[in-house]
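Below is one structure; the comments refer to it alone.
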Amino acid sequence: MRFKQFLIAGALALTSLMTMSAQSIDNPITRATMAVYDEVIAENPGDYETLLRRGNEYYNHYMYRQALDDVNQAMRYIPAADKDARYRALLLRANVYSLSNRYAETVTDLNEALGIEPKNYIATYLRANAYYNLGNYTDAQNDYTSLLRLNPRSQEAMFGLAKIAVKQNNLGVANDFADRAVNLTPAISDVYMSRAEVRQLAGDNQGAVDDYIMAISTDSENTARALQELFKLSDTNYSSVINGLTGAIRSAPRQGMFYYIRAMIAQSHCNYSAAIEDYDKIINERLYVYEGLNASLAECYLALGKYETALMNIDYAIEANPERASYYILKSRILRATGNYQEALKNAETALEKSPDDNAGLQALALAQESLGQYQEASVTLSEAILNDSSDPYLLMLRGWILTDYRYQPEVAKTCYERVVDLDFDFDQVRSLKGFALLFLGKDDEAEQWMNTILSSVDDTDGIVNYYATCFFAQKGMKDIAFRHMQQALERGYANYYNWVNNNDARINVAPLRDDPRFRQLLDKYVILFK
(Lines give C-alpha, C1' and ligand atoms only; values in the text may rest on other atoms or scores of the structure.)
Protein backbone atom coordinates (compact mmCIF):
# COMPACT_ATOMS: atom_id res chain seq x y z
CA MET A 1 0.00 0.00 0.00
CA ARG A 2 1.36 3.40 -0.95
CA PHE A 3 2.04 5.84 1.90
CA LYS A 4 -0.77 8.29 1.07
CA GLN A 5 -3.24 5.44 0.63
CA PHE A 6 -2.20 4.18 4.06
CA LEU A 7 -2.87 7.61 5.54
CA ILE A 8 -6.27 7.88 3.85
CA ALA A 9 -7.17 4.45 5.21
CA GLY A 10 -6.20 5.71 8.64
CA ALA A 11 -8.49 8.70 8.30
CA LEU A 12 -11.39 6.47 7.37
CA ALA A 13 -10.69 4.27 10.36
CA LEU A 14 -10.48 7.31 12.62
CA THR A 15 -13.81 8.73 11.55
CA SER A 16 -15.46 5.27 11.44
CA LEU A 17 -16.67 5.91 7.93
CA MET A 18 -17.14 3.11 5.47
CA THR A 19 -17.63 3.48 1.75
CA MET A 20 -19.95 1.08 -0.02
CA SER A 21 -18.49 -1.24 -2.63
CA ALA A 22 -20.27 -3.22 -5.30
CA GLN A 23 -21.59 -6.61 -4.30
CA SER A 24 -19.03 -9.21 -5.27
CA ILE A 25 -19.86 -11.35 -8.26
CA ASP A 26 -18.52 -14.23 -6.20
CA ASN A 27 -21.31 -14.11 -3.62
CA PRO A 28 -23.64 -17.16 -3.74
CA ILE A 29 -26.75 -15.36 -5.01
CA THR A 30 -24.91 -13.66 -7.87
CA ARG A 31 -23.08 -16.88 -8.77
CA ALA A 32 -26.39 -18.74 -8.95
CA THR A 33 -27.94 -16.03 -11.12
CA MET A 34 -24.97 -15.98 -13.47
CA ALA A 35 -25.02 -19.78 -13.70
CA VAL A 36 -28.63 -19.64 -14.86
CA TYR A 37 -27.77 -16.99 -17.46
CA ASP A 38 -24.80 -19.06 -18.67
CA GLU A 39 -26.97 -22.15 -19.04
CA VAL A 40 -29.73 -20.34 -20.94
CA ILE A 41 -27.25 -18.65 -23.31
CA ALA A 42 -25.38 -21.91 -23.89
CA GLU A 43 -28.65 -23.50 -25.01
CA ASN A 44 -29.70 -20.47 -27.07
CA PRO A 45 -26.88 -18.05 -28.00
CA GLY A 46 -29.44 -15.77 -29.65
CA ASP A 47 -31.44 -15.13 -26.48
CA TYR A 48 -30.80 -11.40 -26.53
CA GLU A 49 -32.84 -10.63 -23.40
CA THR A 50 -30.74 -12.99 -21.31
CA LEU A 51 -27.58 -11.62 -22.91
CA LEU A 52 -28.64 -8.11 -21.92
CA ARG A 53 -29.43 -9.22 -18.36
CA ARG A 54 -26.04 -10.90 -18.04
CA GLY A 55 -24.36 -7.89 -19.63
CA ASN A 56 -26.01 -5.62 -17.08
CA GLU A 57 -24.80 -7.90 -14.29
CA TYR A 58 -21.25 -7.70 -15.62
CA TYR A 59 -21.57 -3.93 -15.93
CA ASN A 60 -22.76 -3.61 -12.33
CA HIS A 61 -19.66 -5.50 -11.21
CA TYR A 62 -17.27 -3.34 -13.26
CA MET A 63 -16.55 -6.18 -15.70
CA TYR A 64 -16.83 -3.93 -18.73
CA ARG A 65 -15.15 -6.13 -21.32
CA GLN A 66 -17.55 -9.00 -20.58
CA ALA A 67 -20.51 -6.58 -20.56
CA LEU A 68 -19.45 -5.26 -23.98
CA ASP A 69 -19.13 -8.79 -25.37
CA ASP A 70 -22.66 -9.63 -24.23
CA VAL A 71 -24.28 -6.47 -25.51
CA ASN A 72 -22.54 -6.81 -28.89
CA GLN A 73 -23.79 -10.39 -29.19
CA ALA A 74 -27.29 -9.35 -28.13
CA MET A 75 -27.43 -6.61 -30.76
CA ARG A 76 -26.81 -9.17 -33.49
CA TYR A 77 -30.09 -10.91 -32.58
CA ILE A 78 -32.41 -8.07 -31.55
CA PRO A 79 -35.15 -7.84 -34.22
CA ALA A 80 -35.70 -4.45 -35.86
CA ALA A 81 -39.24 -4.32 -34.44
CA ASP A 82 -38.05 -4.57 -30.81
CA LYS A 83 -37.16 -0.90 -30.32
CA ASP A 84 -37.20 -1.17 -26.55
CA ALA A 85 -34.56 -3.92 -26.46
CA ARG A 86 -32.37 -2.08 -28.95
CA TYR A 87 -32.65 1.11 -26.91
CA ARG A 88 -31.61 -0.73 -23.72
CA ALA A 89 -28.69 -2.36 -25.55
CA LEU A 90 -27.52 0.97 -26.98
CA LEU A 91 -27.70 2.63 -23.58
CA LEU A 92 -25.77 -0.17 -21.91
CA ARG A 93 -23.07 -0.12 -24.58
CA ALA A 94 -22.87 3.69 -24.42
CA ASN A 95 -22.27 3.46 -20.69
CA VAL A 96 -19.49 0.94 -21.21
CA TYR A 97 -17.91 3.09 -23.93
CA SER A 98 -18.15 6.18 -21.72
CA LEU A 99 -16.44 4.47 -18.79
CA SER A 100 -13.74 3.26 -21.20
CA ASN A 101 -13.19 6.86 -22.46
CA ARG A 102 -14.42 5.90 -25.93
CA TYR A 103 -16.46 9.07 -26.28
CA ALA A 104 -16.91 9.16 -30.05
CA GLU A 105 -18.48 5.68 -29.96
CA THR A 106 -20.55 6.79 -26.97
CA VAL A 107 -22.02 9.63 -29.02
CA THR A 108 -22.78 7.33 -31.98
CA ASP A 109 -24.78 4.91 -29.83
CA LEU A 110 -26.57 7.68 -27.96
CA ASN A 111 -27.56 9.41 -31.20
CA GLU A 112 -29.32 6.20 -32.23
CA ALA A 113 -30.83 5.71 -28.76
CA LEU A 114 -32.18 9.26 -28.75
CA GLY A 115 -33.64 8.59 -32.19
CA ILE A 116 -35.77 5.94 -30.48
CA GLU A 117 -36.52 7.98 -27.32
CA PRO A 118 -35.80 11.65 -28.17
CA LYS A 119 -36.50 13.06 -24.72
CA ASN A 120 -34.78 10.47 -22.59
CA TYR A 121 -33.00 12.23 -19.71
CA ILE A 122 -30.26 9.64 -19.09
CA ALA A 123 -29.26 9.32 -22.73
CA THR A 124 -29.17 13.10 -23.15
CA TYR A 125 -27.03 13.47 -20.04
CA LEU A 126 -24.59 10.78 -21.16
CA ARG A 127 -24.29 12.39 -24.60
CA ALA A 128 -23.72 15.83 -23.06
CA ASN A 129 -20.86 14.42 -21.00
CA ALA A 130 -19.41 12.64 -24.03
CA TYR A 131 -19.52 15.83 -26.09
CA TYR A 132 -17.85 17.69 -23.22
CA ASN A 133 -15.06 15.12 -22.99
CA LEU A 134 -14.55 15.35 -26.75
CA GLY A 135 -14.15 19.13 -26.43
CA ASN A 136 -17.37 19.72 -28.38
CA TYR A 137 -18.67 22.34 -25.97
CA THR A 138 -21.39 23.73 -28.27
CA ASP A 139 -23.21 20.40 -28.58
CA ALA A 140 -22.58 19.64 -24.91
CA GLN A 141 -24.12 23.00 -23.96
CA ASN A 142 -27.16 22.26 -26.13
CA ASP A 143 -27.68 18.91 -24.42
CA TYR A 144 -27.24 20.30 -20.89
CA THR A 145 -29.73 23.06 -21.77
CA SER A 146 -32.16 20.38 -23.00
CA LEU A 147 -31.77 18.63 -19.66
CA LEU A 148 -32.78 21.82 -17.87
CA ARG A 149 -35.89 22.04 -20.04
CA LEU A 150 -36.72 18.44 -19.15
CA ASN A 151 -36.05 19.12 -15.47
CA PRO A 152 -35.53 22.73 -14.31
CA ARG A 153 -33.96 21.40 -11.06
CA SER A 154 -31.39 19.23 -12.86
CA GLN A 155 -28.16 19.59 -10.90
CA GLU A 156 -26.31 17.50 -13.49
CA ALA A 157 -27.26 20.05 -16.13
CA MET A 158 -26.28 23.00 -13.93
CA PHE A 159 -22.85 21.57 -13.15
CA GLY A 160 -22.37 20.68 -16.83
CA LEU A 161 -23.23 24.22 -17.89
CA ALA A 162 -20.95 25.55 -15.15
CA LYS A 163 -17.99 23.59 -16.54
CA ILE A 164 -18.73 24.80 -20.07
CA ALA A 165 -18.93 28.39 -18.80
CA VAL A 166 -15.43 27.95 -17.33
CA LYS A 167 -14.19 26.70 -20.70
CA GLN A 168 -15.73 29.82 -22.25
CA ASN A 169 -14.07 31.97 -19.57
CA ASN A 170 -17.45 33.04 -18.17
CA LEU A 171 -16.47 32.49 -14.54
CA GLY A 172 -19.39 34.47 -13.11
CA VAL A 173 -21.87 32.33 -15.02
CA ALA A 174 -20.01 29.19 -13.91
CA ASN A 175 -20.23 30.22 -10.25
CA ASP A 176 -23.93 31.03 -10.59
CA PHE A 177 -24.79 27.63 -12.06
CA ALA A 178 -22.66 25.77 -9.49
CA ASP A 179 -24.13 27.71 -6.55
CA ARG A 180 -27.69 27.16 -7.82
CA ALA A 181 -27.06 23.42 -7.92
CA VAL A 182 -25.62 23.36 -4.39
CA ASN A 183 -28.48 25.41 -2.96
CA LEU A 184 -31.00 22.82 -4.18
CA THR A 185 -29.64 20.08 -1.87
CA PRO A 186 -27.08 21.59 0.54
CA ALA A 187 -27.29 18.59 2.89
CA ILE A 188 -25.88 16.12 0.34
CA SER A 189 -22.11 15.79 -0.15
CA ASP A 190 -22.34 15.03 -3.90
CA VAL A 191 -23.04 18.67 -4.70
CA TYR A 192 -19.90 19.87 -2.95
CA MET A 193 -17.79 17.33 -4.83
CA SER A 194 -19.26 18.58 -8.12
CA ARG A 195 -18.79 22.25 -7.25
CA ALA A 196 -15.20 21.52 -6.19
CA GLU A 197 -14.59 20.11 -9.67
CA VAL A 198 -15.94 23.32 -11.24
CA ARG A 199 -13.84 25.46 -8.91
CA GLN A 200 -10.66 23.53 -9.64
CA LEU A 201 -11.34 23.84 -13.35
CA ALA A 202 -11.63 27.61 -12.85
CA GLY A 203 -8.36 27.74 -10.90
CA ASP A 204 -10.09 28.44 -7.57
CA ASN A 205 -8.16 25.87 -5.55
CA GLN A 206 -9.03 27.39 -2.19
CA GLY A 207 -12.73 27.19 -3.04
CA ALA A 208 -12.27 23.58 -4.14
CA VAL A 209 -10.58 22.74 -0.82
CA ASP A 210 -13.46 24.33 1.08
CA ASP A 211 -15.93 22.21 -0.89
CA TYR A 212 -14.04 18.98 -0.27
CA ILE A 213 -14.06 19.78 3.44
CA MET A 214 -17.80 20.50 3.23
CA ALA A 215 -18.30 17.13 1.52
CA ILE A 216 -16.51 15.39 4.40
CA SER A 217 -18.55 17.35 6.94
CA THR A 218 -21.92 16.74 5.29
CA ASP A 219 -22.19 12.95 5.07
CA SER A 220 -20.03 9.84 4.67
CA GLU A 221 -20.81 9.06 1.03
CA ASN A 222 -17.86 10.91 -0.48
CA THR A 223 -15.35 10.97 2.37
CA ALA A 224 -12.81 8.69 0.68
CA ARG A 225 -13.01 10.60 -2.62
CA ALA A 226 -12.77 13.97 -0.89
CA LEU A 227 -9.70 12.85 1.07
CA GLN A 228 -8.03 11.61 -2.10
CA GLU A 229 -8.74 14.92 -3.82
CA LEU A 230 -7.35 16.88 -0.87
CA PHE A 231 -4.17 14.80 -0.97
CA LYS A 232 -3.84 15.36 -4.72
CA LEU A 233 -4.40 19.08 -4.34
CA SER A 234 -1.84 19.25 -1.55
CA ASP A 235 0.84 18.11 -4.01
CA THR A 236 0.51 21.34 -5.95
CA ASN A 237 -1.39 23.64 -3.55
CA TYR A 238 -0.23 22.61 -0.10
CA SER A 239 -0.88 25.99 1.50
CA SER A 240 -4.44 26.13 0.12
CA VAL A 241 -5.26 22.74 1.62
CA ILE A 242 -3.69 23.56 4.99
CA ASN A 243 -5.41 26.96 5.07
CA GLY A 244 -8.77 25.35 4.29
CA LEU A 245 -8.36 22.79 7.05
CA THR A 246 -7.18 25.46 9.48
CA GLY A 247 -10.32 27.45 8.69
CA ALA A 248 -12.46 24.37 9.32
CA ILE A 249 -10.71 23.82 12.66
CA ARG A 250 -11.31 27.45 13.59
CA SER A 251 -15.03 26.92 12.94
CA ALA A 252 -15.16 23.54 14.72
CA PRO A 253 -12.28 23.44 17.22
CA ARG A 254 -13.45 20.19 18.83
CA GLN A 255 -13.72 18.27 15.56
CA GLY A 256 -10.81 15.82 15.75
CA MET A 257 -11.25 14.66 12.18
CA PHE A 258 -10.02 17.99 10.78
CA TYR A 259 -6.89 17.93 12.96
CA TYR A 260 -6.25 14.38 11.80
CA ILE A 261 -6.60 15.17 8.13
CA ARG A 262 -4.35 18.22 8.50
CA ALA A 263 -1.79 16.11 10.34
CA MET A 264 -1.86 13.40 7.68
CA ILE A 265 -1.32 15.89 4.88
CA ALA A 266 1.50 17.61 6.77
CA GLN A 267 3.09 14.20 7.42
CA SER A 268 2.81 13.17 3.78
CA HIS A 269 4.73 16.34 2.88
CA CYS A 270 7.44 15.68 5.48
CA ASN A 271 6.24 18.44 7.80
CA TYR A 272 6.54 16.13 10.77
CA SER A 273 6.61 18.73 13.54
CA ALA A 274 3.27 20.19 12.43
CA ALA A 275 1.81 16.68 12.14
CA ILE A 276 3.00 15.78 15.65
CA GLU A 277 1.38 18.93 17.05
CA ASP A 278 -2.00 17.95 15.61
CA TYR A 279 -1.76 14.30 16.63
CA ASP A 280 -0.85 15.37 20.17
CA LYS A 281 -3.79 17.78 20.22
CA ILE A 282 -6.21 14.95 19.39
CA ILE A 283 -4.72 12.65 22.04
CA ASN A 284 -4.22 15.18 24.83
CA GLU A 285 -7.70 16.69 24.47
CA ARG A 286 -9.29 13.31 23.80
CA LEU A 287 -10.91 14.52 20.59
CA TYR A 288 -10.79 10.94 19.42
CA VAL A 289 -9.48 7.68 20.90
CA TYR A 290 -7.68 5.58 18.32
CA GLU A 291 -4.40 3.70 18.69
CA GLY A 292 -3.50 4.57 15.10
CA LEU A 293 -2.72 8.08 16.32
CA ASN A 294 0.22 6.70 18.30
CA ALA A 295 1.33 4.73 15.26
CA SER A 296 1.26 7.94 13.21
CA LEU A 297 3.29 9.69 15.91
CA ALA A 298 5.77 6.81 15.85
CA GLU A 299 6.14 7.21 12.08
CA CYS A 300 6.82 10.93 12.48
CA TYR A 301 9.34 10.45 15.28
CA LEU A 302 11.11 7.75 13.26
CA ALA A 303 11.46 10.21 10.37
CA LEU A 304 12.84 12.85 12.76
CA GLY A 305 15.41 10.39 14.12
CA LYS A 306 13.84 10.35 17.60
CA TYR A 307 13.82 6.61 17.93
CA GLU A 308 13.10 6.17 21.65
CA THR A 309 9.99 8.35 21.41
CA ALA A 310 8.98 6.46 18.27
CA LEU A 311 9.33 3.14 20.12
CA MET A 312 7.28 4.42 23.04
CA ASN A 313 4.43 5.42 20.73
CA ILE A 314 4.40 2.23 18.68
CA ASP A 315 4.39 0.20 21.90
CA TYR A 316 1.28 2.12 23.00
CA ALA A 317 -0.36 1.27 19.69
CA ILE A 318 0.55 -2.43 19.92
CA GLU A 319 -0.68 -2.66 23.50
CA ALA A 320 -4.01 -1.18 22.44
CA ASN A 321 -4.35 -3.38 19.35
CA PRO A 322 -1.93 -6.32 19.37
CA GLU A 323 -3.44 -7.91 16.25
CA ARG A 324 -2.58 -5.19 13.75
CA ALA A 325 0.34 -6.34 11.58
CA SER A 326 1.27 -2.83 10.42
CA TYR A 327 2.26 -1.84 13.97
CA TYR A 328 4.83 -4.62 14.20
CA ILE A 329 6.17 -3.66 10.78
CA LEU A 330 6.68 -0.09 11.95
CA LYS A 331 8.31 -1.29 15.17
CA SER A 332 10.66 -3.47 13.11
CA ARG A 333 11.69 -0.42 11.08
CA ILE A 334 12.31 1.62 14.25
CA LEU A 335 14.32 -1.14 15.90
CA ARG A 336 16.43 -1.55 12.77
CA ALA A 337 17.16 2.19 12.86
CA THR A 338 18.43 1.78 16.45
CA GLY A 339 20.67 -1.13 15.44
CA ASN A 340 18.60 -3.74 17.28
CA TYR A 341 18.44 -6.04 14.29
CA GLN A 342 17.44 -9.24 16.09
CA GLU A 343 14.36 -7.61 17.61
CA ALA A 344 13.60 -5.99 14.26
CA LEU A 345 13.60 -9.48 12.74
CA LYS A 346 11.28 -10.82 15.45
CA ASN A 347 8.77 -8.02 14.97
CA ALA A 348 8.74 -8.51 11.21
CA GLU A 349 8.11 -12.21 11.76
CA THR A 350 5.26 -11.38 14.16
CA ALA A 351 3.71 -9.12 11.54
CA LEU A 352 3.84 -11.92 8.98
CA GLU A 353 2.26 -14.37 11.43
CA LYS A 354 -0.70 -12.00 11.61
CA SER A 355 -0.75 -11.14 7.90
CA PRO A 356 1.28 -13.72 5.94
CA ASP A 357 1.06 -12.07 2.50
CA ASP A 358 1.73 -8.51 3.66
CA ASN A 359 4.42 -7.13 1.36
CA ALA A 360 5.35 -4.40 3.83
CA GLY A 361 6.01 -7.17 6.34
CA LEU A 362 8.11 -9.11 3.84
CA GLN A 363 10.10 -5.96 3.08
CA ALA A 364 10.70 -5.34 6.79
CA LEU A 365 11.79 -8.96 7.21
CA ALA A 366 14.18 -8.76 4.26
CA LEU A 367 15.78 -5.57 5.58
CA ALA A 368 16.23 -7.08 9.04
CA GLN A 369 17.78 -10.15 7.42
CA GLU A 370 20.12 -7.90 5.42
CA SER A 371 21.19 -6.08 8.59
CA LEU A 372 21.96 -9.44 10.24
CA GLY A 373 24.03 -10.56 7.25
CA GLN A 374 21.43 -13.12 6.13
CA TYR A 375 21.75 -12.11 2.51
CA GLN A 376 20.46 -15.27 0.85
CA GLU A 377 17.38 -15.24 3.10
CA ALA A 378 16.82 -11.55 2.32
CA SER A 379 16.98 -12.25 -1.42
CA VAL A 380 14.46 -15.10 -1.10
CA THR A 381 12.11 -12.94 1.01
CA LEU A 382 12.22 -10.17 -1.56
CA SER A 383 11.54 -12.68 -4.33
CA GLU A 384 8.38 -13.71 -2.50
CA ALA A 385 7.31 -10.08 -2.15
CA ILE A 386 7.96 -9.44 -5.84
CA LEU A 387 5.81 -12.45 -6.73
CA ASN A 388 3.02 -10.85 -4.73
CA ASP A 389 3.46 -7.48 -6.44
CA SER A 390 5.73 -7.35 -9.47
CA SER A 391 4.83 -3.69 -10.08
CA ASP A 392 6.59 -2.30 -6.98
CA PRO A 393 9.86 -0.77 -8.20
CA TYR A 394 11.35 -0.42 -4.72
CA LEU A 395 11.15 -4.16 -4.04
CA LEU A 396 13.00 -4.79 -7.29
CA MET A 397 15.62 -2.16 -6.41
CA LEU A 398 16.11 -3.73 -2.97
CA ARG A 399 16.67 -7.17 -4.45
CA GLY A 400 19.02 -5.77 -7.09
CA TRP A 401 21.05 -4.15 -4.31
CA ILE A 402 21.23 -7.37 -2.25
CA LEU A 403 22.25 -9.38 -5.32
CA THR A 404 24.89 -6.85 -6.37
CA ASP A 405 26.51 -5.86 -3.08
CA TYR A 406 26.17 -9.03 -1.02
CA ARG A 407 25.38 -12.00 -3.24
CA TYR A 408 27.79 -10.95 -6.00
CA GLN A 409 25.32 -11.88 -8.74
CA PRO A 410 25.36 -8.80 -10.99
CA GLU A 411 23.74 -10.55 -13.93
CA VAL A 412 20.73 -11.59 -11.83
CA ALA A 413 20.61 -8.09 -10.35
CA LYS A 414 20.54 -6.70 -13.87
CA THR A 415 17.22 -8.44 -14.53
CA CYS A 416 15.75 -6.66 -11.48
CA TYR A 417 16.84 -3.26 -12.81
CA GLU A 418 15.58 -4.06 -16.30
CA ARG A 419 12.18 -4.91 -14.85
CA VAL A 420 12.08 -1.52 -13.10
CA VAL A 421 12.81 0.22 -16.40
CA ASP A 422 10.01 -1.76 -18.08
CA LEU A 423 7.35 -0.97 -15.47
CA ASP A 424 4.37 1.05 -16.64
CA PHE A 425 5.10 4.32 -14.86
CA ASP A 426 5.21 7.80 -16.34
CA PHE A 427 8.79 8.72 -17.23
CA ASP A 428 8.62 11.84 -15.04
CA GLN A 429 7.39 10.04 -11.91
CA VAL A 430 10.24 10.15 -9.43
CA ARG A 431 9.04 7.18 -7.41
CA SER A 432 9.18 5.02 -10.53
CA LEU A 433 12.93 4.86 -9.71
CA LYS A 434 13.67 4.31 -13.40
CA GLY A 435 16.64 6.64 -13.40
CA PHE A 436 18.30 4.73 -10.56
CA ALA A 437 17.73 1.44 -12.41
CA LEU A 438 19.19 2.95 -15.59
CA LEU A 439 22.18 4.23 -13.60
CA PHE A 440 22.89 0.80 -12.13
CA LEU A 441 22.55 -0.71 -15.61
CA GLY A 442 25.34 1.60 -16.77
CA LYS A 443 23.03 3.77 -18.89
CA ASP A 444 24.24 7.03 -17.37
CA ASP A 445 23.00 9.42 -20.07
CA GLU A 446 19.46 8.02 -20.05
CA ALA A 447 19.49 8.03 -16.26
CA GLU A 448 20.53 11.66 -16.06
CA GLN A 449 17.96 12.63 -18.67
CA TRP A 450 15.29 11.00 -16.49
CA MET A 451 16.38 12.93 -13.41
CA ASN A 452 16.69 16.26 -15.22
CA THR A 453 13.27 15.79 -16.86
CA ILE A 454 11.69 15.36 -13.45
CA LEU A 455 13.52 18.33 -11.96
CA SER A 456 12.39 20.58 -14.81
CA SER A 457 8.77 19.41 -14.90
CA VAL A 458 7.72 18.86 -11.27
CA ASP A 459 6.88 21.61 -8.80
CA ASP A 460 8.82 20.29 -5.81
CA THR A 461 6.87 21.98 -3.03
CA ASP A 462 8.14 19.79 -0.19
CA GLY A 463 11.67 18.88 -1.28
CA ILE A 464 11.00 15.20 -1.96
CA VAL A 465 12.05 15.39 -5.60
CA ASN A 466 15.24 17.22 -4.69
CA TYR A 467 15.94 14.59 -2.03
CA TYR A 468 15.77 11.91 -4.73
CA ALA A 469 17.99 14.09 -6.92
CA THR A 470 20.49 14.28 -4.06
CA CYS A 471 20.46 10.47 -3.81
CA PHE A 472 20.80 10.13 -7.58
CA PHE A 473 23.75 12.45 -8.05
CA ALA A 474 25.42 11.12 -4.88
CA GLN A 475 25.25 7.60 -6.30
CA LYS A 476 26.50 8.92 -9.64
CA GLY A 477 29.54 10.44 -7.92
CA MET A 478 28.59 14.03 -8.80
CA LYS A 479 28.91 15.46 -5.29
CA ASP A 480 28.76 19.17 -6.07
CA ILE A 481 25.45 18.75 -7.89
CA ALA A 482 24.20 16.43 -5.15
CA PHE A 483 24.91 19.04 -2.46
CA ARG A 484 23.14 21.70 -4.49
CA HIS A 485 20.02 19.52 -4.53
CA MET A 486 20.45 18.67 -0.86
CA GLN A 487 20.27 22.37 -0.02
CA GLN A 488 17.19 22.80 -2.22
CA ALA A 489 15.50 19.80 -0.56
CA LEU A 490 16.15 21.24 2.88
CA GLU A 491 15.04 24.71 1.82
CA ARG A 492 11.73 23.21 0.70
CA GLY A 493 11.30 21.45 4.04
CA TYR A 494 12.38 17.85 3.46
CA ALA A 495 12.70 16.91 7.13
CA ASN A 496 13.23 13.15 7.03
CA TYR A 497 16.30 12.98 9.27
CA TYR A 498 16.35 9.18 9.15
CA ASN A 499 16.75 9.26 5.37
CA TRP A 500 19.44 11.91 5.56
CA VAL A 501 21.52 10.23 8.26
CA ASN A 502 20.65 6.53 8.53
CA ASN A 503 19.12 5.17 5.36
CA ASN A 504 21.61 2.98 3.47
CA ASP A 505 19.17 0.81 1.53
CA ALA A 506 18.94 -0.07 -2.16
CA ARG A 507 21.63 2.43 -3.19
CA ILE A 508 18.84 5.02 -3.18
CA ASN A 509 20.34 7.13 -0.41
CA VAL A 510 22.85 9.89 0.33
CA ALA A 511 25.49 7.66 1.95
CA PRO A 512 28.31 8.82 -0.41
CA LEU A 513 27.91 12.39 0.94
CA ARG A 514 28.02 11.74 4.66
CA ASP A 515 31.79 11.88 5.08
CA ASP A 516 31.98 15.29 3.36
CA PRO A 517 31.99 18.28 5.79
CA ARG A 518 29.35 19.99 3.66
CA PHE A 519 26.84 17.34 4.65
CA ARG A 520 26.87 18.11 8.37
CA GLN A 521 27.08 21.84 7.69
CA LEU A 522 23.84 21.72 5.71
CA LEU A 523 22.03 19.63 8.32
CA ASP A 524 23.15 22.04 11.05
CA LYS A 525 21.99 25.01 9.00
CA TYR A 526 18.47 23.56 8.71
CA VAL A 527 18.34 21.91 12.14
CA ILE A 528 15.01 23.64 12.85
CA LEU A 529 13.36 21.15 10.47
CA PHE A 530 14.14 18.26 12.79
CA LYS A 531 12.98 19.79 16.09
Working for side chain to side chain donor-acceptor pair (under 3.5 Å), residues Asn509 and Gln475: CA-CA 8 Å; Asn509 55 64; Gln475 296 295 328; 3.1 Å; yes
Criterion side chain to side chain contact (heavy atoms under 4.5 Å, CB included) on Phe425 and Val420, from CA distance to verdict: CA-CA 9 Å; Phe425 281 90; Val420 173; over 6 Å; no
Check against side chain to side chain contact (heavy atoms under 4.5 Å, CB included), His485 and Phe472: CA-CA 10 Å; His485 288 294; Phe472 177 85; over 6 Å; no
Side chain to side chain contact (heavy atoms under 4.5 Å, CB included) between Asn294 and Ile314, intermediate numbers included: CA-CA 6 Å; Asn294 288 107; Ile314 198 59; over 6 Å; no
Check against side chain to side chain contact (heavy atoms under 4.5 Å, CB included), Lys354 and Arg324: CA-CA 7 Å; Lys354 298 180 183 301; Arg324 183 160 292 183; over 6 Å; no
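Among pairs with a residue in residues 484-507, those fulfilling salt bridge (Lys or Arg N to Asp or Glu O under 4.0 Å) read Arg336-Asp505, at least two apart in sequence or across chains. Evaluation of the salt bridge (Lys or Arg N to Asp or Glu O under 4.0 Å) test over residues 308-318, restricted to residues two or more places apart or in two chains, returns Asp315-Lys331. Judged as a ring-ring contact (aromatic ring centres under 6.0 Å, His included), not a single pair has a partner in residues 157-195 (not counting sequence neighbours).
Heavy-atom contacts from other residues, nucleotides or ligands closer than 6.0 Å to CD of Glu319 number 12 or fewer. Shown here is Arg286, whose CZ atom has no more than 12 heavy atoms of other residues, nucleotides or ligands within 6.0 Å. The number of heavy-atom neighbours closer than 6.0 Å to OH of Tyr64, taken from other residues, nucleotides and ligands shown, is above 12. Within a 6.0 Å sphere centred on CD1 of Ile122, heavy atoms belonging to other residues, nucleotides or ligands number 12 at most.
Judged by distance alone, the side chains of Asn359 and Asn388 do bring a donor and an acceptor atom under 3.5 Å apart. When only modelled atom types and interatomic distance are considered, Tyr144 and Asn129 share a side-chain donor-acceptor pair under 3.5 Å. Donor-acceptor pairing under 3.5 Å is lacking for the side chains of Asn347 and Ser332. Using a 3.5 Å distance cut-off with no hydrogens or angles, the side chains of Thr246 and Arg262 do pair a donor with an acceptor. Under 3.5 Å, the side chains of Thr461 and Asp459 contain no donor-acceptor pair of N or O atoms. No hydrogens or angles considered: nothing links the side chains of Asn151 and Glu156 as a donor-acceptor pair under 3.5 Å. Between the side chains of Tyr494 and Thr470, no donor-acceptor pair is found at a separation under 3.5 Å. Counting only N and O atoms by type, the side chains of Thr124 and Asp143 include no donor and acceptor under 3.5 Å apart. Under the 3.5 Å distance criterion, with hydrogens and angles disregarded, a donor-acceptor pair is assigned to the side chains of Gln155 and Thr185. Using a 3.5 Å distance cut-off with no hydrogens or angles, the side chains of Arg180 and Asn183 do not pair a donor with an acceptor.
Ring pair Tyr467/Trp500 is perpendicular by interplanar angle, where above 60° counts as perpendicular and below 30° as parallel. Taking the six-membered ring where the residue is Trp, Tyr290 and Tyr288 present perpendicular rings, their angle passing 60° and hence far from 30°.
With rounding to the nearest 0.5 angstrom, the CD atom of Gln141 is 7.0 Å from the OG1 atom of Thr138. Note that the OH atom of Tyr212 and the CG atom of Leu233 stand 6.0 Å from one another [nearest 0.5 Å]. Remark: Tyr259 OH to Leu287 CG distance equals 6.5 Å, nearest 0.5 Å. Atom CG of Asp211 is separated from atom CD of Gln200 by 10.0 Å, given to the nearest 0.5 angstrom. With values rounded to the nearest 0.5 angstrom, Tyr279 atom OH is found 7.5 Å from Leu297 atom CG. Rounded to the nearest 0.5 angstrom, Ser390 OG and Leu423 CG are separated by 7.5 Å.
With hydrogens and angles ignored, the 3.5 Å screen pairs no side-chain donor or acceptor of Asn452 with any backbone N or O of Trp450. Not one N or O on the side chain of Ser154 forms a donor-acceptor pair closer than 3.5 Å with the backbone of Leu150. Listed for the Asn496 side chain is a donor-acceptor partner under 3.5 Å among the backbone atoms of Asn499. Under a 3.5 Å cut-off, the side chain of Asp204 and the backbone N or O of Gly207 do form a donor-acceptor pair. Put simply, the side chain of Ser273 gets close to the backbone of Lys531: a donor and an acceptor are under 3.5 Å apart.
Counting only heavy atoms from C-beta outward, the side chains of Met158 and Leu184 approach each other to under 4.5 Å. The closest side-chain heavy-atom distance from Leu398 to Tyr394 is below 4.5 Å. Here the side chains of Leu201 and Lys167 are in contact, with some heavy-atom distance below 4.5 Å. Side-chain contact between Met214 and Val182 is absent, with no heavy atoms from C-beta onward closer than 4.5 Å. Residues Leu245 and Ile261 are in side-chain contact: their nearest non-hydrogen atoms beyond the backbone lie under 4.5 Å apart. The closest side-chain heavy-atom distance from Tyr103 to Tyr131 is not below 4.5 Å.
Asp462 pairs in a side-chain contact (heavy atoms from CB on, under 4.5 Å) with only one of the listed residues (Asn466, Val465, Asp460), which is Asp460. Just one residue in the list Tyr272, Tyr497, Tyr301 forms a ring-ring contact (aromatic ring centres under 6.0 Å, His included) with Phe530, and that residue is Tyr497.
The cationic group of Lys163 lies under 6.0 Å from the six-membered ring centre of Tyr132 and within 45° of the ring axis, placing it in a cation-pi geometry.
The pair Asp179-Arg195 counts as a salt bridge, with a side-chain nitrogen and a carboxylate oxygen less than 4.0 angstrom apart.
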